[in-house]
There are 2 protein chains.
Amino acid sequence: MKNKIKVFRAEQGWSQQVLADKLGVSRQAVNAIEREKHDPSLQLAFDIAYVFNANIEDVFFPETK
Amino acid sequence: MKNKIKVFRAEQGWSQQVLADKLGVSRQAVNAIEREKHDPSLQLAFDIAYVFNANIEDVFFPETK
DNA sequence: TCTAAAGGTAAGGTAAACATTACATATTGT
DNA sequence: ACAATATGTAATGTTTACCTTACCTTTAGA
């Protein structure tokens with residue numbers, strides 16, 4: 001699953017640790033999702049979109065099936 | 001995580017089995033998600049929204065955090 | 001009413017999304 | 001240059017989102 005977390009995060013000037021703290025997850029979780037090692041849960045995807053004031057569809061891009 | 005899968009499914013007149021087949025998952029998976037026993041993966045949430053011609057935000061409703 | 005389809009649920013297994021800890025490298029500020 | 005911060009990554013463990021099989025109850029059609 002492609003995502004633009006790094007772009008949104010850079011716009012806010014937040015480190016992975018700062019974002020992780022806002023989300024209540026570990027920095028490694030943010031890092032793994034950002035580098036697309038795995039997908040976030042649906043709840044976490046909502047949380048991520050929320051902290052960036054965006055919709056899930058603005059941040060995450062599934063393969064068209 | 002609240003969702004309106006049953007409503008969307010009823011609109012289309014699809015059984016859980018039919019929806020499961022369209023999604024490529026088991027009927028039990030659809031049943032468990034629909035009854036909110038657990039959340040779908042982000043990919044499956046996208047797939048569900050897609051088959052209903054909707055956005056994720058139209059189908060799934062996280063607790064505001 | 002009888003039968004078939006639909007839906008609910010339980011047991012048991014696998015894979016992946018988290019966690020924590022730890023360490024190495026890269027980047028940035030003074 | 002040095003120190004502090006940021007990032008990448010590995011090991012190991014837990015939880016949960018799936019799976020299959022199976023069985024029971026409910027609903028709907030002939």
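A, B, ... follow the sequence lines: proteins, then strands. Residue 1 opens every chain.
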Open item on the list: Quiz question: going by heavy-atom distance under 3.5 Å, is there a donor-acceptor pair between the base of D:dT9 and the side chain of A:Gln28?
Closed with: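 Flag set: donor-acceptor pair detected.
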Open item on the list: Would the base of C:dG8 count as contacting B:Arg35 through its side chain, where contact means a donor and an acceptor less than 3.5 Å apart?
Closed with: no
For [X] and [N], give me the distance from atom [atom1] to atom [atom2], rounded to whole Å.
X       : N      : atom1 : atom2 : value
A:Gln43 : C:dA19 : CD    : P     : 13 Å
A:Ile33 : C:dA19 : CD1   : C1'   : 12 Å
A:Leu44 : D:dA17 : CG    : P     : 13 Å
A:Gln17 : D:dT5  : CD    : C1'   : 11 Å
B:Asp39 : D:dT16 : CG    : C1'   : 10 Å
B:Lys6  : D:dT26 : NZ    : C1'   : 12 Å
B:His38 : D:dT16 : NE2   : C1'   : 8 Å
B:Leu19 : C:dA6  : CG    : P     : 13 Å

Task: For B:Asn31, the option from B:Gln16, B:Gln17, B:Lys37 that meets side-chain hydrogen bond (donor to acceptor under 3.5 Å, both in side chains) - done: B:Gln16
- [ ] Looking only at non-hydrogen atoms, find the nearest pair between B:Met1 and B:Asp39 and report the distance.
- [x] CB-OD1, 2.8 Å
- [ ] For the residue pair B:Ile33 and B:Val25, establish whether any side-chain heavy-atom pair is separated by less than 4.5 Å.
- [x]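 Contact flag for B:Ile33/B:Val25 side chains = no.
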- [ ] Would you mind classifying the nucleic acid contact of A:Ser26 as base, sugar-phosphate or nothing, using non-hydrogen atoms under 4.0 angstrom?
- [x]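 A:Ser26: base contact, heavy atoms under 4.0 Å.
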Looking only at the side chain of [X] (C-beta and beyond, no hydrogens), which of the listed nucleotides [options] gets closest?
X       : options               : value
A:Asn31 : C:dG7, D:dC18, D:dT7  : D:dT7
A:Pro40 : D:dT7, C:dA17, C:dC18 : C:dC18
B:Ser41 : D:dT7, C:dC18, D:dC18 : D:dC18

Open item on the list: Check for me, please, whether B:Val18 and B:Ile48 land in the same ILVMFWY cluster - side-chain distances under 4.5 Å, paths through other members count.
Closed with: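 In one cluster with B:Val18: B:Ile48, yes.
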Open item on the list: Measuring to OP1 and OP2 of D:dA22, would you say a side-chain N or O of B:Arg27 lies under 4.0 angstrom away?
Closed with: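 Indeed not, no polar side-chain atom of B:Arg27 lies that close.
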Open item on the list: As a test of understanding, state which of A:Tyr50, A:Phe52, A:Trp14, A:Phe60 forms a ring-ring contact (aromatic ring centres under 6.0 Å, His included) with A:Phe8.
Closed with: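 When A:Tyr50, A:Phe52, A:Trp14, A:Phe60 are each tested with A:Phe8, the ring-ring contact (aromatic ring centres under 6.0 Å, His included) holds only for A:Phe52.
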